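Note sheet for the following structure.
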Amino acid sequence: MNTNSEQVLDQKSRPLRDLRISVTDRCNLRCTYCMPAEIFGQDYPFLPKGELLSFEELERLAKLFVHQFGVEKIRLTGGEPLMRKDMPELVGKLAGIKGIRDIAMTTNGVLLPVYADKLKKAGLKRVTVSLDSLDDERFKAINGRGVSVSKVLAGIEAAKEAGLGVKINMVVQKGVNEKDILPMARYFKEKGHILRFIEFMDVGNTNEWNRQSVVTKADIIRIINEDMPVEPIDPNYKGEVAKRYGYLDGSGEIGFISSVSDAFCSTCNRARLSAKGELFTCLFASSGFDLRTLIRSGQTDQELAKAIGTVWRNRDDQYSLDRALAKAAPRKKVEMSYIGG
Ligand code: SAM
Ligand code: SF4
Ligand code: SF4
């Protein structure tokens, strides 16, 4: 942690450690669980360019998070982050911030063959590529734009060749892609990439989530164990979100992001910045704190830091824990494509 930074704790004594920045609300895919094509159609009111934080504004805010609050890891996401023009330039600006240890990106991978090299050269360390099936028909139906698996695999290959760390995210939905669990696990075990299974979540208001459509971590482990036994392994660091499991034959690991069956709110240390500069303290929040207006009205760094500190100190979010305890009241939530994963 930076020596000048302030250790700010929220109402549940959780520090602020990671920052996720959504750089755009647009995407070249229409995954059914995230941006269903019927809703995110031709007429959908995506943010106009002037509404987005500029790269200079993003750099200024990121610097504050790093220098004043001790954030060391930044993840770029969206929407599809590579839909925003000149992303290597933004990565270069962020990589130049003293004290940053890790810059990563979550992407659907389609544009990685174009950008992987430039991103790596600019200072990106790792990518997480989302892929829900190796079966072309199923993947085309899930991504809502008829994009082939080979496009994403080419992106993964390009990232690897560029020297970026690569992990794979797979959202599993009952009756949609359970069949793909084993083929995905086998394929990425062979390739040497960590595959992370994500429980389908009730983010946003458009994906028609229900508890019955979730394939839990326990369900997935049962399926994998039949073919390639795994056992739990220690986290890399305290508060790591993904639960790690290693193959008993020693040939790699998988991970689980089990926000529905095993909520991890008690260690959640992530702040999220939306593309138009709102600070969100939970993936399931209804609204964020408008930092853009403060920036554009000429506030000083000190004033901005004070506002960020107040937001974090007041934070008491624990939506997934409340959901598990059946205490989560229905609410209008921000869309995942807007706030970023
Ligand atoms: N477009 C990029 C991508 O797909 O990787 C980045 C943004 S996407 C919103 C970030 C992650 O959230 C992806 O891995 C995606 O699969 C996941 N995601 C989106 N909607 C989800 C949902 N309803 N439940 C669980 N994960 C979801
Ligand atoms: Fe786009 Fe990613 Fe959402 Fe799929 S999950 S629609 S790729 S933002
Ligand atoms: Fe963090 Fe909110 Fe998810 Fe809980 S529900 S882990 S507080 S983002």
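Order of listing sets the numbers, starting from 1, for every ligand and every atom in it. Since the structure is predicted, the reported quantities are computational estimates derived from the model, not experimental observations.
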Inset, instruction - Using only heavy-atom distances, determine whether the side chains of E80 and N108 contain a donor-acceptor pair under 3.5 Å. - result: yes
Legend entry - Closest approach of any protein heavy atom to atom 4 (Fe) of ligand 3, naming residue and atom: C265 SG, 2.3 Å
Legend entry - Nearest non-hydrogen partners of V91 and G123, listed with the distance: CG1-C, 3.9 Å
Legend entry - Distance-only donor-acceptor check, side chains S133 and D135, under 3.5 Å: no
Legend entry - For the student: nearest non-hydrogen atoms of S22 and G78, plus distance: OG-CA, 3.5 Å
Inset, instruction - Look at atom 6 (S) of ligand 2 and find which of S22, P81, C31 reaches it with the closest heavy atom. - result: C31
Inset, instruction - Enumerate the atoms of ligand 3 whose separation from the nearest heavy atom of S320 is less than 4.0 angstrom. - result: 5 (S)
Legend entry - Within the 4.0 Å heavy-atom sphere of ligand 1, strictly under, residues: Y33, C34, T77, G78, G79, E80, T106, T107, N108, S130, N169, V171, I198, E199, F200, M201, V203, N207, M336, G341
Inset, instruction - Decide, yes or no, whether a salt bridge links R313 with D10 under the criterion of side-chain N to carboxylate O below 4.0 Å. - result: no
Inset, instruction - Provide, to 0.1 Å, the distance between atom 3 (Fe) of ligand 2 and the closest protein heavy atom, together with that atom's residue and name. - result: C34 SG, 2.4 Å
Legend entry - A162 backbone acceptor or donor facing D117 side chain under 3.5 Å: no
Inset, instruction - List every atom of ligand 3 that sits less than 4.0 Å from any heavy atom of R272, numbering the atoms from 1 in the order shown and giving each element. - result: 8 (S)
Inset, instruction - Quick one: look up the protein heavy atom nearest atom 8 (S) of ligand 3 and list residue, atom name and how far away it is. - result: L283 N, 3.3 Å
Inset, instruction - Report the nearest protein non-hydrogen atom to atom 1 (Fe) of ligand 3: residue, atom name, distance rounded to 0.1 Å. - result: C268 SG, 2.4 Å
Legend entry - Close approach, R323 and ligand 3, non-hydrogen under 4.0 angstrom: no
Inset, instruction - Report the nearest protein non-hydrogen atom to atom 2 (Fe) of ligand 2: residue, atom name, distance rounded to 0.1 Å. - result: C27 SG, 4.5 Å
Legend entry - Which of the ligand 2 atoms, numbered from 1, are nearer than 4.0 Å to a heavy atom of G79: 8 (S)
Legend entry - Atoms in ligand 3 flagged as close to F284, the criterion being non-hydrogen separation under 4.0 Å: 5 (S)
Inset, instruction - Can you pull out the closest protein heavy atom to atom 7 (S) of ligand 3? Residue, atom name and distance to 0.1 Å, please. - result: D317 O, 3.6 Å
Legend entry - Per-atom contacts of ligand 3 with F264, taking only distances under 4.0 Å to non-hydrogen atoms: 6 (S)
Inset, instruction - Decide yes or no for I168 and T128: does some side-chain heavy atom of the first lie under 4.5 Å from some side-chain heavy atom of the second? - result: no
Legend entry - Region of M201 that comes within reach of ligand 3 [heavy atoms, distance under 4.0 Å]: neither
Scan the side chains in residues 29-50 for donor-acceptor partners under 3.5 Å anywhere in the protein, sequence neighbours excluded, and list what turns up.
| residue | atom | partner | partner atom | Å |
| --- | --- | --- | --- | --- |
| R30 | NE | F40 | O | 2.8 |
| R30 | NH1 | C27 | O | 2.9 |
| Y33 | OH | D132 | OD2 | 2.6 |

Inset, instruction - Taking only Lys NZ, Arg NE, NH1 and NH2, and the carboxylate oxygens of Asp or Glu, determine whether D180 and R138 approach each other closer than 4.0 Å. - result: yes
Legend entry - Check: R292 main-chain N/O paired with E57 side-chain donor or acceptor under 3.5 Å: no
Legend entry - Short side-chain to backbone donor-acceptor contact, T310 and K306, under 3.5 Å: yes
Inset, instruction - Of all the heavy-atom pairs spanning V260 and E199, show the shortest one and how long it is. - result: N-OE1, 2.9 Å
Inset, instruction - For the residue pair F284 and Y319, categorise the inter-ring angle as parallel (less than 30°), tilted (30 to 60°) or perpendicular (more than 60°). - result: parallel
